[in-house]
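Reviewing the structure listed below.
Only heavy atoms go into these numbers, but all of them, side chains included; no hydrogens, no water, no symmetry mates. All figures in this text were calculated on a predicted structure; none of them were measured in a lab. Numbers restart at 1 for each chain; the letters A, B, ... are given by sequence-line order, proteins then strands.
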Amino acid sequence: MARHLITSAIPYINGIKHLGNLIGSQLPADLYARYLRQRGHEVLFLCATDEHGTPAELAAAKAGQPVAEYCAEMHAVQSRIADGFRLSFDHFGRSSSPQNHALTQAFAGRLDEIGLIREVTEEQVYSKADGRFLPDRYIEGTCPNCGFESARGDQCDNCTKQLDPTDLINPYSTISGSTELEVRETKHLYLRQSQMRAQLAAWIDSKKDWPILTTSIAKKWLNDGDGLQDRGITRDLDWGIPVKKGDADWPGMEGKVFYVWFDAPIEYIACAQEWEDAGKGTDWARWWRTDKGADDVTYTQFMGKDNVPFHTLSFPATILGSQEPWKLVDYIKSFNYLNYDGGQFSTSRGRGVFMDQALELLPPDYWRWWLLSHAPESSDAEFTWENFQTDVNKDLADVLGNFVSRITKFCRSKFGEAVPEGGAYGPAEEKLIADLTTRLQAYEGHMDAMEVRKSAAELRAIWVLGNEYLQANAPWTTFKTDPDTAAMQVRLALNLIRIYAVLSAAFIPDASKVMIDAMQTEDDAWPSDVAAAVMALRAGHAFTVPDNLFRKVTDEERDAWADRFAGTRE
RNA sequence: GGCGCGGUAGCUCAGUUGGUUAGAGCGAACGACUCAUAAUCGUUAGGUCGGGAGUUCAAAUCUCCCCCACGCCA
């Protein structure tokens, strides 16, 4: 029994995420959280929406809503979709929460006390029509180098020359199209990450068991060029957390907010406070403060590879810089990208399947199983409809679903809807128990190590054992000459259904529940002792024959979906 | 242009610190079975491990060069 804090990278608020985002953090985090809970560990699994910044403001404006209202609505949408995929967050918070406001301001004040914050006066482009400072990428104009007319403020996409917004000829705001731009001086706070380089490097180096993908990205940022750079942590925006030192005003920073990258990871902590304040638990500090009981917590973060720098450097810089006893991450599990049929998922082109659409097509288990069994762990992975169809049909419908179907229906027709008696288990059953024990240990090892694909492969192999057993021992043949032995064989197979339900729950929770319900049992104990587990359902125990666990994806559906999600244009 | 991760059977992928005939699942062929969602189980075929050079008694596994794909950065 151990205590595990698990967080998934928090998705940005503007819009619905695609399947690549799902398998990049939330889904594997959920798998791990569910597994650890099943093994009897105490788990706090947190996720939230990342709500601040210019994109949220623009999305709200486009929707014709106040940004706070827009975010509240989108949070509800994302929350509902997360439920749809059975993501078992203990709390799904919001980075715009009052808790995060207070905590972010407290961190900033603390970092300032320690001397890790400096003020910088810089020039930025201000748009009168928009009434706001414009981030570089929201300014376009003609490239002074090649004459390209839609060069962005930070770089010309045509000649790739790096630009400053003030270099552009005839610059305009991409938000309003206005050309009434002017350069204004503005003051911002910078976090002196450069001063923490050695400390962060030592911390990273101490993490010998982290995946290469994680440490290599971190070290690149730490060591490339002039090394880790100081970063601005404030912005001239309306929507965000007001810049304050704790609850005191910050002279000269009136009307400014913290930059999202600073406040978003702090939400991991604030989310635990939200969890407590929502009445879902008590003593949040026990999970986050090593001086208040969190020293025995194992903290694991899940994220896509694009998020690694923030979790290995930026957020730890905040934590370590505060010199307060906050819990630091113990293990970072990062993922590569899932590609869609030879290219990238693309929101703007409508290319690929998004989370809400996926749930319209098929129940969550189908997606969970395919995505997890193809998780992009060692390199980018590939989604194709053909692959999805054959894998889901074979693994879920044919191997697992059909196993449940064939044995429950056989039993019903020969012995009725109750576990039959028969004699004691013999050599064939002992061998199955031994094989199952071996595979179960391998499965546990992979799950403990967060080896997602390998876990899925092992689980599938466990399902196959049931079919092998039935095929080799053929109770339908045995029944003709030796009904008693056939009864024993069926009794074993029915017990396998319960075991499969338990072992599969983290991957396919809905189907798992159907199996448990069909077996009419409350016993969902982990089958550590397989020999005992195959006797959990005793002779005479009533069960029901469930509907088919999984239907098959047809060729027509596959083709129609491939066509529908191909995107509007290349 | 620099850097990073990859390039292993038709497809999706495993391959520990270099060591006997390079593995799995799917797909294919053949066979068995008929309880079941035309499901299941078994057998077989299939790869000069991107190309070249080198180190070594021994390399998919180390070194160098090149090619290809993807990503990041400038």
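One interatomic measurement links the two molecules: CG of A:Leu470 to P of B:U37, which rounds to 14 Å at whole-angstrom precision. What separates CZ of A:Arg551 from C1' of B:A39 is a distance of 17 Å, to the nearest Å. Regarding A:Trp369, its CH2 atom lies at a distance of 12 Å from the P atom of B:C26, rounded to whole Å. A:Asp395 has its CG atom 14 Å from the C1' atom of B:C11, to the nearest Å. Between the CD atom of A:Glu382 and the P atom of B:C13 there is a distance of 7 Å, rounded to whole Å. As a whole-Å value, the separation of A:Leu400 CG from B:G25 P is 18 Å. Here B:C26 presents its C1' atom at 11 Å from CD of A:Glu386, a figure rounded to the nearest Å. Separating the CG atom of A:Asn473 from the C1' atom of B:G42 is a distance of 14 Å, rounded to the nearest angstrom.
Under the salt bridge (Lys or Arg N to Asp or Glu O under 4.0 Å) test applied with A:Glu377, the options A:Arg453, A:Lys333, A:Lys454 reduce to a single match, A:Lys333. Just one residue in the list A:Asp30, A:Asp510, A:Asp365 forms a salt bridge (Lys or Arg N to Asp or Glu O under 4.0 Å) with A:Arg86, and that residue is A:Asp510.
Ranking B:U12, B:U37, B:G25 by closeness to the A:Arg460 side chain, first place goes to B:G25. Taking the side chain of A:Asp398 as heavy atoms from C-beta on, and the options B:C26, B:C35, B:U37, the nearest nucleotide is B:U37. When the nucleotides B:C26, B:U37, B:A36 are ranked by their closest atom to the side chain of A:Thr390, B:C26 comes out on top. Candidate nucleotides B:G15, B:C41, B:U37 were compared by shortest atom distance to the side chain of A:Glu468, and B:C41 ranks first. Across B:C33, B:C26, B:U12, the shortest atom-to-atom separation from the side chain of A:Gln471 is found for B:C33. Between B:C70, B:G15, B:U12, one nucleotide has an atom nearer to the side chain of A:Asp380 than all others, and that is B:C70. Candidate nucleotides B:C33, B:U12, B:A36 were compared by shortest atom distance to the side chain of A:Trp476, and B:C33 ranks first. Comparing B:U40, B:C13, B:U34 by their nearest atom to the side chain of A:Thr477 picks out B:U34. When distances are taken from the side chain of A:Asn402 to each of B:U37, B:C41, B:A39, the shortest belongs to B:A39.
Here the CD atom belonging to A:Gln489 is positioned 9.0 Å from the CH2 atom belonging to A:Trp476, to the nearest 0.5 angstrom. We find the CZ-CD distance between A:Arg491 and A:Glu429 to be 9.0 Å, quoted to the nearest 0.5 Å. Rounded to the nearest 0.5 angstrom, A:Tyr366 OH and A:Leu371 CG are separated by 14.5 Å.
Among the atoms of the strands shown, only primed sugar atoms or phosphate atoms (P, OP1, OP2) are found under 4.0 Å from some heavy atom of A:Lys454. Using a 4.0 Å heavy-atom criterion, one finds that A:Leu549 contacts the bases of the nucleic acid, with or without backbone contacts as well. Residue contacts for A:Ala397: at a heavy-atom cut-off of 4.0 Å it reaches a base atom on one of the strands shown. The residue A:Ala474 sits apart from the nucleic acid: no heavy atom pair falls under 4.0 Å. Contact annotation for A:Val464: backbone-only contact, meaning every heavy-atom pair under 4.0 Å involves sugar-phosphate atoms and none involves a base. No contact: A:Phe479 has no heavy atom under 4.0 Å from any strand.
Here the side chain of A:Ser25 pairs no donor or acceptor atom with the backbone of A:Met303 at under 3.5 angstrom.
Looking only at atom types and distance, the side chain of A:Asp555 has a donor-acceptor partner in the side chain of A:Gln389 under 3.5 Å away. No donor-acceptor contact under 3.5 angstrom links the side chains of A:Tyr443 and A:Arg439, judged on distance only.
Where pairing requires Watson-Crick or G-U contacts shorter than 3.5 Å, the helical stems of RNA chain B with at least three consecutive pairs are B:1-4 with B:70-73, B:10-13 with B:23-26, B:28-32 with B:40-44, B:50-54 with B:62-66.
Mapping A:Lys480 and A:Trp463 onto RNA chain B by nearest heavy atom places A:Lys480 closer to the 5' end of the strand. Residue order along RNA chain B, read from the 5' end via each residue's closest nucleotide, puts A:Arg453 first among A:Ser413 and A:Arg453.
The P atoms of B:C65 and B:G71 are separated by 25 Å, rounded to the nearest whole Å. Nucleotides B:G10 and B:G18, compared at atom P, are 29 Å apart to the nearest Å. Taking the C1' atom of each, B:U48 and B:A59 are spaced 14 Å apart, rounded to whole Å.
Between A:Lys552 and B:A38 there is no side-chain polar atom (N or O) within less than 4.0 angstrom of OP1 or OP2.
Where stacking is scored as ring centres under 5.5 Å apart with planes under 30°, A:Phe410 does not register as stacked on the base of B:C35.
The ring of A:Tyr469 has its center no closer than 6.0 angstrom to the ring center of A:Phe403.
Using a 4.5 Å heavy-atom cutoff, the side chains of A:Leu549 and A:Leu396 are not in contact.
In this structure, B:G46 shows a glycosidic angle within 90 degrees of zero, which is the syn conformation.
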